[in-house]
There are 2 protein chains.
Amino acid sequence: MLPGVSVYTPGQVVEETGFSLDTLRYYERIGLLEPIGRNAAGQRRFTQEDVGWLGTIRCLRDTGMPIAEMLRFAELVRKGDHTIRDRIALLEAHDRRVEAQVDNLREKQAAVQNKINYYRSVVD
Amino acid sequence: MLPGVSVYTPGQVVEETGFSLDTLRYYERIGLLEPIGRNAAGQRRFTQEDVGWLGTIRCLRDTGMPIAEMLRFAELVRKGDHTIRDRIALLEAHDRRVEAQVDNLREKQAAVQNKINYYRSVVD
DNA sequence: ATCCCACCTGGAGCACACTCCAGGTCAAGC
DNA sequence: GCTTGACCTGGAGTGTGCTCCAGGTGGGAT
């Protein structure tokens, strides 16, 4: 293989990103990914940039951003550099939600731990 | 109102727990709540204990426990005190998942924040 | 040549957790 | 006595995010 621009097969992208092949196709279909390049046989060949974008998607998904909002973000990215302030605003709003989410998680987790400790005190 | 055992109307439980009336009925239907007591007209009257249990449900739900597992937990509670060790095991396993979830959230949030900072550096 | 495997498409199906609806009951206030 | 509003039931519908399927292509190893 010529080491030109580095290119990934679907299988390699599944490996790298943890998204299933079906999910990758789904993301392309709904426009979360730009149309992925193809080889002569019509098979997808992902660029480094595609894989990087999928890393971003992974962060946003894992922090609970709905797909609809990721689509809005993708749209901003597509529109070019003059949307950077909007992207900051979108990500900051998301970041605040993540913060709240972590706080709530921690609070409820503490309650679960109290319950565990109560049960331990009963059982000992 | 006689201040006997304290009793809650559906509306009051919605208020207290943040679950919708439909969700409360749904939880009763699937057996996550024991059958709720009724007044003469067939309307639900929740006890303090029901509301307390709903608080537990709220913690488990908010920390991402699937309903199927909450059902298993409810089952253990129903079966009585000899299941306390099993309950501890179930909650500890859940607690570990919550811990992992928070860690992942924090990690991905940091990446989002890096992105924000990068965008800020571009825009400034 | 043949087999296998990774990949392709369009479209249907699924799991989860609710949420809504039609049609009805009852009690309280005007 | 009528309206309003909170509540009831069984059952259907919804949104989200995938996931699976049938039927087919093309390339590399044996």
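Every chain is numbered from 1, with letters handed out A, B, ... down the list of sequences.
- Across C/dC26, C/dA17, C/dC8, the shortest atom-to-atom separation from the side chain of A/Leu21 is found for C/dC8.
- Taking atom CE on A/Met65 and atom P on D/dT16, their separation rounds to 15 Å, with Å as the unit.
- For C/dA6, neither phosphate oxygen OP1 nor OP2 lies less than 4.0 angstrom from any side-chain nitrogen or oxygen of A/Thr9.
- C/dC18 atom C1' lies 16 Å from atom CD of B/Glu28, rounded to whole Å.
- With rounding to the nearest 0.5 Å, the separation of CD1 in A/Ile84 from NE2 in A/His82 is 10.0 Å.
- Between B/Glu92 and A/Arg120 a salt bridge is recorded (basic side-chain N to carboxylate O distance below 4.0 Å).
- Distances from the side chain of B/Tyr26 to the nucleotides D/dT9, C/dT19, D/dT19 place C/dT19 closest.
- Of the side-chain N and O atoms in B/Thr23, none sit less than 4.0 angstrom from OP1 or OP2 of C/dA17.
- No N or O donor and acceptor, one from the side chain of B/Asp22 and one from the base of C/dC18, sit under 3.5 Å apart.
- Checked for salt-bridge contact, B/Glu75 and B/Arg78 meet the test: a charged N lies under 4.0 Å from a carboxylate O.
- The CG atom of A/Leu24 sits 12 Å away from the C1' atom of D/dC18 (whole-angstrom rounding).
- Rounded to whole Å, the distance from CG on B/Asp62 to C1' on C/dC18 is 15 Å.
- Looking at heavy-atom distances under 4.0 Å, A/Arg61 makes contact with sugar-phosphate atoms alone, never a base.
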Using the side-chain hydrogen bond (donor to acceptor under 3.5 Å, both in side chains) rule, take B/Thr63 and A/Gln109 through it: C-alpha gap first, then chi angles, then the decisive distance, then the call. CA-CA 7 Å; B/Thr63 49; A/Gln109 183 187 31; over 6 Å; no
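- For B/Asn39 and C/dA28, the CG to P distance is 11 Å, given to the nearest whole Å.
- A/Leu32 places its CG atom 10 Å from the P atom of D/dG17, with the value rounded to the nearest Å.
- A close approach under 4.0 Å does not occur between any side-chain nitrogen or oxygen of A/Tyr27 and OP1 or OP2 of D/dG17.
- Here the side chain of B/Pro10 is nearest to one of D/dC8, C/dC8, D/dG26, namely D/dC8.
- Here the CG-CZ distance, from A/Leu54 to A/Phe46, works out to 6.5 Å after rounding to the nearest 0.5 Å.
- Using a 4.0 Å cut-off, no side-chain N or O of A/Arg29 falls inside it from OP1 or OP2 of C/dC8.
- A straight line from CD of A/Gln12 to P of C/dC7 spans 9 Å, rounded to a whole angstrom.
- At a threshold of 4.0 angstrom between heavy atoms, the contacts of B/Arg45 with the nucleic acid are absent.
- Taking the charged nitrogens against the carboxylate oxygens, A/Arg25 and A/Asp22 do have a contact shorter than 4.0 Å, which makes a salt bridge.
- With rounding to whole Å, A/Arg38 atom CZ is found 18 Å from C/dA6 atom P.
- With C/dC26, D/dC8, C/dT9 as the choices, the nucleotide that has an atom nearest any side-chain atom of A/Arg44 turns out to be C/dT9.
- Checking the phosphate oxygens (OP1, OP2) of C/dC8, a side-chain nitrogen or oxygen of A/Arg25 falls inside 4.0 Å.
- If you check every strand for non-hydrogen atoms under 4.0 Å, A/Phe19 touches nothing.
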